[in-house]
Undergrad: 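Before we start, here is the structure in question, set down as structure tokens.
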Amino acid sequence: EGEAAKRVELHGLTGQPAGPGVTFNDQLLLPLNDGQITLFDVASGNQTLVAYQPVKEPEEVVSWSAAALPSDNANSFVVVRDRRSLQKIGVSPSPVPHLELQAEAVFDVPVYNQVAATGETVYLIRRGRNNDEIVGLSYDTLEELNVQEVAGRVIWGPYRLGNVVLVYTSASRVYCFDGQQQLIWRSDKVDLRPVGAGIVDDGNFLLTGVEGTLWRLNATSGETVDASPLNQRVVGTPFKVVNEVWVPTEAGIVSGALQE
């Protein structure tokens, strides 16, 4: 807003980007295909501290989930490695500023390759016999604290929106959890097939359905406020510019929808 976009080259890469980047300390946190997790200044493209290098065997390929922060200004993040462990990584100032491992939890069975955090809780998805399980862990120690079963399989999420975490299941419901492992609400059935991470907008959650629906949920109750057709297949997360909501579509354009 107010500036022209520009292309920034990333310097000092030891490998190619291997997943989505996220904002961390107002910089770009990015996993590489050699297993490193790096932090770049978005204006210059320079690495701002020593990358995190996981312990691995020769020729081993490390697979990371997208990193998750418990708040926008958090000084650490969590990430799933190879669907077998959860790692908490933060910034250490000595001997030189670098990313370091602060805690780790290893699982007996694979978990879903998606993680979210808010407040004092990390949320993971574990496959149960008939339904999936929402696993709540301590953000501080990564100790497992709580398990809640949901109806069906999780097909979207977990994602943090504001200070809560949302998931959507094959039973066509959204579940909303807070930072203390508590289920706040479960929505009515809505056949949406969400895509992208969703955004918070004036007391509502805005989610997009892959077939072209902009869905507005009341953030407090989970009730549907409205569902607007966009008439184009959606491919990414909506975003706001001034008083409009914009949605990336398959046609390679962004479709604007005015806020109500």
Side-chain angles (χ1 to χ4, degrees), residues 14 18-40 47-57 60-127 132-148 154 157-167 177-183 197:
T14 58
V22 301
T23 300
F24 178 63
N25 284 349
D26 295 322
Q27 299 169 81
L28 174 65
L29 185 71
L30 192 66
L32 304 180
N33 62 1
D34 64 358
Q36 292 193 48
I37 298 179
T38 53
L39 194 62
F40 293 92
Q47 295 190 45
T48 57
L49 43 72
V50 177
Y52 174 63
Q53 176 64 61
V55 176
K56 63 174 187 174
E57 298 296 328
E60 179 185 358
V61 177
V62 177
S63 175
W64 296 111
S65 71
L69 283 67
S71 65
D72 292 341
N73 60 354
N75 58 9
S76 62
F77 59 90
V78 288
V79 63
V80 175
R81 175 179 175 173
D82 301 322
R83 298 185 60 192
R84 284 290 187 177
S85 71
L86 175 67
Q87 299 190 359
K88 178 184 174 185
I89 298 170
V91 178
S92 176
S94 61
V96 295
H98 64 283
L99 291 172
E100 72 169 5
L101 182 67
Q102 296 181 342
E104 182 176 20
V106 179
F107 308 113
D108 295 332
V109 296
V111 296
Y112 283 28
N113 196 41
Q114 180 78 23
V115 60
T118 185
E120 302 171 359
T121 306
V122 181
Y123 287 101
L124 290 170
I125 310 301
R126 188 164 57 201
R127 191 174 182 87
D132 280 346
E133 298 173 343
I134 312 296
V135 182
L137 305 96
S138 163
Y139 186 83
D140 184 32
T141 64
L142 302 187
E143 175 189 3
E144 186 173 317
L145 300 176
N146 190 23
V147 177
Q148 300 187 53
V154 173
Y159 287 111
R160 177 175 64 86
L161 273 69
N163 59 1
V164 299
V165 167
L166 304 182
V167 300
F177 298 90
D178 67 12
Q180 287 75 43
Q181 306 96 49
Q182 298 298 313
L183 174 64

Undergrad: To the nearest 0.5 Å, what is the distance between CG on Leu30 and CD1 on Ile37?
TA: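 It is 9.5 Å, given to the nearest 0.5 Å.
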Undergrad: Report yes if some heavy atom in the side chain of Val91 is under 4.5 Å from a heavy atom in the side chain of Asn25; otherwise report no.
TA: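 Val91 vs Asn25: side chains touch.
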Undergrad: With sequence neighbours excluded, what pairs up with Glu60 under the salt bridge (Lys or Arg N to Asp or Glu O under 4.0 Å) test?
TA: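 Only Arg81 meet the salt bridge (Lys or Arg N to Asp or Glu O under 4.0 Å) criterion with Glu60.
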Undergrad: Output the distance between atom CD (Gln87) and atom CG (Leu142), rounded to the nearest 0.5 Å.
TA: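 These two atoms lie 9.5 Å from each other.
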Undergrad: How many angstroms lie between OH in Tyr123 and CD in Gln114, if you round to the nearest 0.5 Å?
TA: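 These two atoms lie 15.0 Å from each other.
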Undergrad: Who pairs with Leu145 by side-chain contact (heavy atoms from CB on, under 4.5 Å), at least two apart in sequence or on another chain?
TA: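 Partners of Leu145 under the side-chain contact (heavy atoms from CB on, under 4.5 Å) test: Ser138, Glu143, Gln181.
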Undergrad: Suppose we screen for salt bridge (Lys or Arg N to Asp or Glu O under 4.0 Å). Which residues come up paired with Glu144, at least two apart in sequence or across chains?
TA: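 Partners of Glu144 by the salt bridge (Lys or Arg N to Asp or Glu O under 4.0 Å) criterion, ordered by chain and then number, come out as Arg126.
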Undergrad: Would you name the heavy atoms of Ser65 and Val79 that are closest together and state the gap between them?
TA: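 Heavy atoms of Ser65 and Val79 come nearest at O-CG2, 3.3 Å.
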Undergrad: Measure the spacing between CG of Asp72 and CZ of Phe24 and express it to the nearest 0.5 Å.
TA: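 The distance works out to 12.5 Å.
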Undergrad: Any side-chain heavy atom of Ile134 sitting closer than 4.5 Å to one from Ile125?
TA: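 In short, these two side chains touch, coming nearer than 4.5 Å.
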Undergrad: What residues, two or more places apart in sequence or in another chain, satisfy side chain to side chain donor-acceptor pair (under 3.5 Å) together with Asp26?
TA: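 For Asp26, no residue satisfies side chain to side chain donor-acceptor pair (under 3.5 Å) once neighbours in sequence are set aside.
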Undergrad: Return the set of residues passing side chain to side chain donor-acceptor pair (under 3.5 Å) with Thr38 (not counting sequence neighbours), or none when no residue passes.
TA: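 Counting only residues at least two positions away or on another chain, Thr38 forms no side chain to side chain donor-acceptor pair (under 3.5 Å).
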Undergrad: For residues Pro31 and Pro20, report the shortest heavy-atom separation together with the two atoms involved.
TA: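 Of all heavy-atom pairs spanning Pro31 and Pro20, the closest is CD-O, 3.7 Å.
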Undergrad: Can you list every salt bridge (Lys or Arg N to Asp or Glu O under 4.0 Å) pair that touches residues 90-100, not counting sequence neighbours?
TA: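 Counting only pairs at least two positions apart or across chains, no salt bridge (Lys or Arg N to Asp or Glu O under 4.0 Å) contact touches residues 90-100.
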Undergrad: For a quick test of reading the model, state the closest non-hydrogen atom pair linking Gln36 to Ala51 and the distance between them.
TA: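 Smallest interatomic distance, heavy atoms only, reads OE1-CB, 3.1 Å.
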Undergrad: Only counting residues at least two apart or in another chain, list the ones meeting side chain to side chain donor-acceptor pair (under 3.5 Å) with Ser76.
TA: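 Side chain to side chain donor-acceptor pair (under 3.5 Å) check on Ser76 returns Tyr139.
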Undergrad: For the side chain of Thr121 and the backbone of Gly179, is there at least one donor-acceptor N/O pair under 3.5 Å apart?
TA: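 Checking the backbone N and O of Gly179 against the side chain of Thr121, a donor-acceptor pair under 3.5 Å is found.
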Undergrad: Can you tell me which residue pairs pass the ring-ring contact (aromatic ring centres under 6.0 Å, His included) test with a partner in residues 78-101, sequence neighbours excluded?
TA: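 Of all non-adjacent pairs touching residues 78-101, none passes ring-ring contact (aromatic ring centres under 6.0 Å, His included).
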Undergrad: For residues Gly35 and Trp64, report the shortest heavy-atom separation together with the two atoms involved.
TA: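 Between these two residues, the closest heavy atoms are O-NE1, 3.0 Å.
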Undergrad: Show the nearest heavy-atom pair for residues Leu86 and Val122, with the distance to one decimal.
TA: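 Nearest heavy atoms, Leu86 then Val122: CD2-CG1, 3.8 Å.
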Undergrad: If you look only at pairs with a residue in residues 104-121, which of them pass as a salt bridge (Lys or Arg N to Asp or Glu O under 4.0 Å), with sequence neighbours excluded?
TA: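 Listed by first then second residue: nothing to list.
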Undergrad: Within this structure, what is the CG-CG distance for the pair Leu69 and Asn75, rounded to the nearest 0.5 Å?
TA: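 That separation rounds to 9.0 Å.
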Undergrad: Could you list the residues that satisfy side chain to side chain donor-acceptor pair (under 3.5 Å) with Gln27, not counting sequence neighbours?
TA: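 With neighbours one apart ignored, the set is Thr48.
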Undergrad: Looking at Lys56 and Asp34, is any side-chain nitrogen of the basic one under 4.0 Å from a carboxylate oxygen of the acidic one?
TA: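 No, Asp34 and Lys56 are not salt-bridged.
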Undergrad: Please list, chain by chain and in numerical order, all residues satisfying salt bridge (Lys or Arg N to Asp or Glu O under 4.0 Å) with Asp178, sequence neighbours excluded.
TA: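 Expected list: none.
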Undergrad: Tell me every residue that passes side-chain contact (heavy atoms from CB on, under 4.5 Å) with Ala67, counting only those two or more places apart in sequence or in another chain.
TA: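 Partners of Ala67 under the side-chain contact (heavy atoms from CB on, under 4.5 Å) test: Val22, Leu29, Phe77.
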Undergrad: How long is the gap from CZ on Phe107 to CZ on Arg83, to the nearest 0.5 Å?
TA: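 With rounding to 0.5 Å, CZ (Phe107) is 11.5 Å from CZ (Arg83).
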Undergrad: Taking side chain as C-beta onward, heavy atoms only, is Phe177 less than 4.5 Å from Val167?
TA: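 Yes, close enough: below the 4.5 Å cut-off.
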Undergrad: Would you indicate whether the side-chain heavy atoms of Tyr52 and Leu39 approach each other to under 4.5 Å?
TA: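 When only atoms from C-beta onward are counted, Tyr52 and Leu39 do not touch, as no gap falls below 4.5 Å.
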Undergrad: Can you see which heavy atom on Leu161 is nearest to which on Ala197, and at what distance?
TA: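 Heavy atoms only, the tightest pair is CD1-O, 3.2 Å.
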